[in-house]
Number of protein chains: 2
Amino acid sequence: MNKKTKPNFKPYKKRSAHNYVFEMLKDYIISGVYKVGDQLPTEIELSQTLGISRAATREGLRELEGIGLITTVQGYKGGRFVNKIDSGIIVNGLDLLLQTQKASFDELMEARKAIECITVRMAALNRSEENLAAMSKVLNLRVDSKEEFYKKTFDLHEIVALASQNKVLFYIVQAIRKLIFQTYSNIALEENNIDLVMKTHYAIYSSIKNRDPEEAEKAMIFDIEAYRNLYLEVIEKHTKG
Amino acid sequence: MNKKTKPNFKPYKKRSAHNYVFEMLKDYIISGVYKVGDQLPTEIELSQTLGISRAATREGLRELEGIGLITTVQGYKGGRFVNKIDSGIIVNGLDLLLQTQKASFDELMEARKAIECITVRMAALNRSEENLAAMSKVLNLRVDSKEEFYKKTFDLHEIVALASQNKVLFYIVQAIRKLIFQTYSNIALEENNIDLVMKTHYAIYSSIKNRDPEEAEKAMIFDIEAYRNLYLEVIEKHTKG
DNA sequence: TTACATATAAATGTCTGACATAGCTATGAT
DNA sequence: ATCATAGCTATGTCAGACATTTATATGTAA
């Protein structure tokens, strides 16, 4: 038997201590033993229970923190707490990726348009009555500040994506939208722009209600391009002023 | 001034030691000071340079490992090495998300179809001559094993996504495809299936060459649904046998 | 010469135990 | 009532020793 082809038998399952902590807690969190908001055992408890030093235990916990599964809080009543697992868990990775690969604002908006358009079409075909009710409720909300209006906009798009009845698309749309708003922040809407956005949102709602994918897509395109243009205008002003 | 509204002034930027290590190295990696494959300074060097204990340094490194930026290798010629930043960096997060939210195989395939269809349409409109040449080269490759055929299939879809000229879509398509193949592994293709797939791939290539988005989308749908059906057949057999 | 065993080197991995710090809570003085 | 303070409980940090891993170099025997 050649040296090169000799199989490299490894001892049965000899993981490092820190990795053991990481994998074990990850599994517990994924399988729901620890739920959102739950506090993990303290470092000391964990290390004593597992027979692993505090240092190695902390390394495992730090890796969990890296992938976004837990949050660490120092001080009295502090500890490690299980995060909610939502689209946020891919936003950082996507951000990192697009930053290093130097993706442009236009590419991001184009991708958003492409994906959110197909999503709104599916929403028009698959929406439930509850989805409609939720959209209607959000549309009829009175808002008193721009912040509330942004929130309302975010919520509406979220329900639309949800109405597609496809979780994968839902989370991807959410992630892209979050990334756009966190990277390029919110534009300063003028009163007349608010009116325009509200009309467009109502058009999206109507066409979804009428199960009309063509119209829904048109309205969505209009909405997204309006945002894009507003953003570019603001940029324009800034670079000039 | 009320207690509740009293601003909580924090000392100017007092980060924890481990977080300092994490952020600093992250910035260096993102900005390209450390490039793909580069070895970071050893723990000891880092901790001595920064005046931070080895334990805290290791925690920061472990967090970097969590987000997928570096890989740790033990032993002689070991160390910490900078990873390639590609779609892989979001695959784990997406996997985690879909696992906990219990997204189905069908939802994943449907999302893939939706996104890869719009991507192939854009490819048909935006493809460059280089893209065509790359596709042609892959299509004409002789393959001797199923593994090589899988690789070939993967490469073709990758070039198609690239031809859309949109990095965001490219990475999202890649991430979804990787997730599908790593989760549901590869189906056992029969000889006649290979022929079918090759014909379909050629149809995708032709329609992109002809700048025909409609035909390109049709071919892509055919390709994806064929894969889906083959997979379901295999599952069927397994549950019966 | 070749194959195999062994030593070495250079990195990460682990452990212990002490002390520092953060931040909510309760207590007591004004 | 308000403010300062001490205490509690968690994480944060440190120093220093020793263990483990693994490629490479070295030596040894067939």
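First the proteins, then the strands, lettered A, B, ... as listed; each starts at 1.
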Can you tell me which residue pairs pass the salt bridge (charged side-chain N to carboxylate O under 4.0 Å, His left out) test with a partner in residues 31-55 of chain A, sequence neighbours excluded? A:Glu43-A:Arg54, A:Glu43-A:Arg58, A:Glu43-A:Arg80
For [X] and [N], give me the distance from atom [atom1] to atom [atom2], rounded to whole Å.
X       : N      : atom1 : atom2 : result
B:Leu61 : C:dG13 : CG    : C1'   : 13 Å
B:Arg58 : D:dG12 : CZ    : P     : 16 Å
A:Tyr20 : C:dG13 : OH    : P     : 18 Å
A:Glu59 : D:dG12 : CD    : P     : 13 Å
A:Arg62 : C:dG13 : CZ    : C1'   : 18 Å

With rounding to the nearest 0.5 angstrom, report the CG to CD1 distance, A:Leu96 to B:Ile90. 10.5 Å
According to the interplanar angle, ranging from 0 to 90°, do the rings of B:Phe149 and B:His201 count as parallel (below 30°), tilted (30 to 60°) or perpendicular (above 60°)? parallel
From D:dC14, C:dT14, D:dA10, pick the nucleotide closest to the side chain of B:Ala17? D:dC14
Any chance the side chains of [X] and [Y] put a donor and an acceptor closer than 3.5 Å?
X        : Y        : result
A:Gln101 : B:Asp86  : no
B:Asn166 : A:Glu107 : no
B:Asn131 : B:Gln165 : yes

Where along residues 42-55 of chain B does a heavy atom fall under 4.0 Å from DNA chain C? B:Thr42, B:Glu43, B:Arg54
Using a 4.0 Å cut-off on heavy atoms, which residues in residues 70-82 of chain B reach DNA chain C? List them by number, or say none. B:Thr72, B:Val73, B:Gln74, B:Gly75, B:Tyr76, B:Gly78, B:Gly79, B:Arg80
Quick check, are the ring centers of A:Tyr184 and A:Tyr227 under 6.0 angstrom apart? no
For the pair A:Glu59 and A:Arg62, find out whether any cationic side-chain nitrogen is under 4.0 Å from an anionic carboxylate oxygen. no
